[in-house]
2 protein chains.
Amino acid sequence: MVSSPASSTTDPVSDGPAFSPLYQQIKTLITRSLQAGEWRPGELIPSEVELAARYKVSQGTVRKAIDALADENLVVRRQGKGTFVATHSEQKIQFRFLRLMSDDGETGNVTRRVIDCRRLRAPADVSRALELKAGDPVVEVRRVMHFRGVPVVLDDIWLPGNLFKGLTGERLAEYRGPMYGMFETEFGVRMIRAEEQLRAVAADATASELLQVAQGAPLLSVERLSRTYDDKPVELRRGLYNTEAHYYRNELS
Amino acid sequence: MVSSPASSTTDPVSDGPAFSPLYQQIKTLITRSLQAGEWRPGELIPSEVELAARYKVSQGTVRKAIDALADENLVVRRQGKGTFVATHSEQKIQFRFLRLMSDDGETGNVTRRVIDCRRLRAPADVSRALELKAGDPVVEVRRVMHFRGVPVVLDDIWLPGNLFKGLTGERLAEYRGPMYGMFETEFGVRMIRAEEQLRAVAADATASELLQVAQGAPLLSVERLSRTYDDKPVELRRGLYNTEAHYYRNELS
DNA sequence: GAGTGGTCTAGACCACTGA
DNA sequence: CAGTGGTCTAGACCACTCG
């Protein structure tokens, strides 16, 4: 294994060789393999002993690297079976990114309706957020999510056009299940983490119509920037949530 | 060290002896000491070797227990110095519970003004949330937070009267810094984790006056239930945030 | 330099899964 | 039963802090 200093995503850019522990370097190597698609979402990755042999380190060091990856939800450990690449196409993981709950606890059936899907040159604010060049192509999607048949969420979504070639409203419409699941299986783009900015806003004409609320009614605005393995932004999403009978849940610790 | 199964907070109540690893048991013991005040917020706890000797386990096992406590923010590790009990009276930790950011990045000066503070018998919804008996005493606080002199947050707060004997509006008003810091130093009550429910609502007459916004203006409603070491609820808080120039930030991963 | 937490190793044993 | 991850130990060495 390399013993010279390796750069880490969290290392300061300042002076000094910036010591990086072995397990961090291993973690980086495994992450690269995940990013390169050596093991795909849902698949089994090599066992700890195998990886230890591959990288010429002890099993304990590999273990610590995988522990960190599991903490970040990049990977899921299953005792007796092995370690699997995390996937959005799993019942259990879905509500990690969809934090809306019904007041009565039951979330009920979720259905998604695509209102619009088009390709265009990125508006200034979108290209800035997605770190694209001005005028780069983006896919713009508008969709409504229904909970038990009632429209609750209106999403406007922008995706880098170069990463989502061939994405159309039809393909979106015919896909069952969460969008992020489709993105990872159909386009090889996996959303890893996201930052959200929440605000209360008044419903405009469009929102009023699509969410069936009065104009000016208070809506929860959720602006999300999603990133993939290397922290590159790959989705900008502006959501409007009707919180009459639902709430956005959050845990602080 | 005990070798028989020990109950953990996350153990299922189902059948079986429910195997609990040693480091979990150690973690529970350390948590009990924290709760009992053996080491107070901000103080140094015994070194890993000392604790290993005390509990008759290896240093590695103590290490894993402390790692878990550090992950939960109960404790802070400082290489070369030791491990410290986490405290809310620290610049660094303040924005763990206050997630409001200014649009321009700078949060600026935060000031707090107590509008009202009184003792009363808990209303039904409050006593239910705080798991009190109907009619138990609570302290009710109303306060406004100003960012750079502008009122942005209106909080209504309820605290179990038995835990906060002697809390008055005067004592609150004269205290500088975050409320949770005062709670831990003055009343020995430490907020560990909290669940929040976010909604968009319309400003009523009171909010409109105290936050200087139009009646009916959209406000972000944040209902928070805070818990202490043993997961007992110790605070219910209903906040109204003016998100004209601020947003509630959240990270998903 | 002594004391702290942080890393790395090697080996033993345990708990769980599935053929 | 073999193979996986999970726990626990003991010891060596490193990085950091402070007197």
Side-chain angles (χ1 to χ4, degrees), chain A residues 1-6 8 10-12 14-30 39 43-71 74-86, chain B residues 1-6 8 10-12 14-30 39 43-71 74-86:
Chain A
M1 192 49 227
V2 273
S3 58
S4 55
S8 152
T10 50
D11 275 348
S14 61
D15 59 331
F19 164 78
S20 170
L22 241 193
Y23 74 87
Q24 251 294 7
Q25 304 178 36
I26 305 297
K27 184 187 160 208
T28 302
L29 292 177
I30 298 178
W39 318 296
E43 282 182 11
L44 192 62
I45 76 172
S47 74
E48 295 179 356
V49 267
E50 280 179 83
L51 290 172
R54 179 205 285 210
Y55 298 125
K56 304 265 205 339
V57 299
S58 81
Q59 184 182 352
T61 300
V62 168
R63 163 162 286 274
K64 201 161 180 195
I66 296 182
D67 278 345
L69 293 172
D71 280 349
L74 296 196
V75 115
V76 179
R77 319 194 75 144
R78 287 199 231 288
Q79 183 172 143
K81 301 172 83 171
T83 302
F84 297 78
V85 183
Chain B
M1 191 52 228
V2 272
S3 59
S4 55
S8 151
T10 50
D11 276 346
S14 61
D15 57 331
F19 163 78
S20 169
L22 241 193
Y23 75 87
Q24 251 295 5
Q25 304 177 36
I26 304 296
K27 184 188 159 208
T28 302
L29 292 177
I30 298 178
W39 318 296
E43 283 183 9
L44 192 62
I45 77 171
S47 74
E48 295 178 355
V49 265
E50 281 179 82
L51 289 172
R54 180 205 282 211
Y55 298 127
K56 305 265 203 341
V57 299
S58 79
Q59 183 183 352
T61 299
V62 168
R63 163 162 287 272
K64 198 160 183 196
I66 296 182
D67 277 346
L69 293 173
D71 280 349
L74 297 196
V75 115
V76 178
R77 318 195 74 144
R78 287 199 232 286
Q79 182 172 142
K81 301 173 83 169
T83 302
F84 297 78
V85 183

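Order of the sequence lines sets the chain letters (A, B, ...), proteins ahead of strands, with each chain counted from 1.
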Walk me through it: do A:L51 and A:I66 pass the test side-chain contact (heavy atoms from CB on, under 4.5 Å)? CA-CA 10 Å; A:L51 290 172; A:I66 296 182; 4.0 Å; yes

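By the 4.5 Å heavy-atom criterion applied to side chains, A:D67 and A:Y23 are not counted as neighbours. Inter-residue side-chain proximity for A:V62 and A:E50 is flagged as unmet; no heavy-atom pair is nearer than 4.5 Å.
Annotation for B:K27 and B:A68: closest pair CD-CB, 3.8 Å, computed over non-hydrogen atoms. Closest non-hydrogen pair, B:Q59 versus B:V49, comes out as OE1-CG1, 4.0 Å. Between B:A70 and B:R77 the shortest heavy-atom distance is CB-CG, 4.0 Å.
Taking the C1' atoms of five terminal pairs at each end of the helix from C:dG1-D:dC18 to C:dG18-D:dC1, the two resulting helix axes are inclined by 10°, rounded to 10°.
As judged by a 4.0 angstrom heavy-atom cut-off over every strand, A:R63 is placed among the base-contacting residues.
With rounding to whole Å, A:R77 atom CZ is found 14 Å from C:dC16 atom C1'.
Under a 3.5 Å cut-off, the side chain of A:Q25 and the backbone N or O of A:S20 do form a donor-acceptor pair.
Residue-to-nucleotide proximity on DNA chain C shows that, of A:Q79 and B:G82, the 5′-proximal contact is made by B:G82. Annotation: of the two residues near DNA chain C, A:P21 and A:G80, the 5′-most nearest-nucleotide partner is A:P21.
At the phosphate of C:dG18, OP1 or OP2 sits under 4.0 Å from a side-chain N or O atom of A:K81.
Heavy-atom contacts of chain A under 4.0 Å fall on DNA chain D between two terminal nucleotides, which in 5' to 3' order are D:dG3 to D:dT7.
If you take CG on B:L29 and CD on B:Q24, they are separated by 10.5 Å, rounding to the nearest 0.5 Å.
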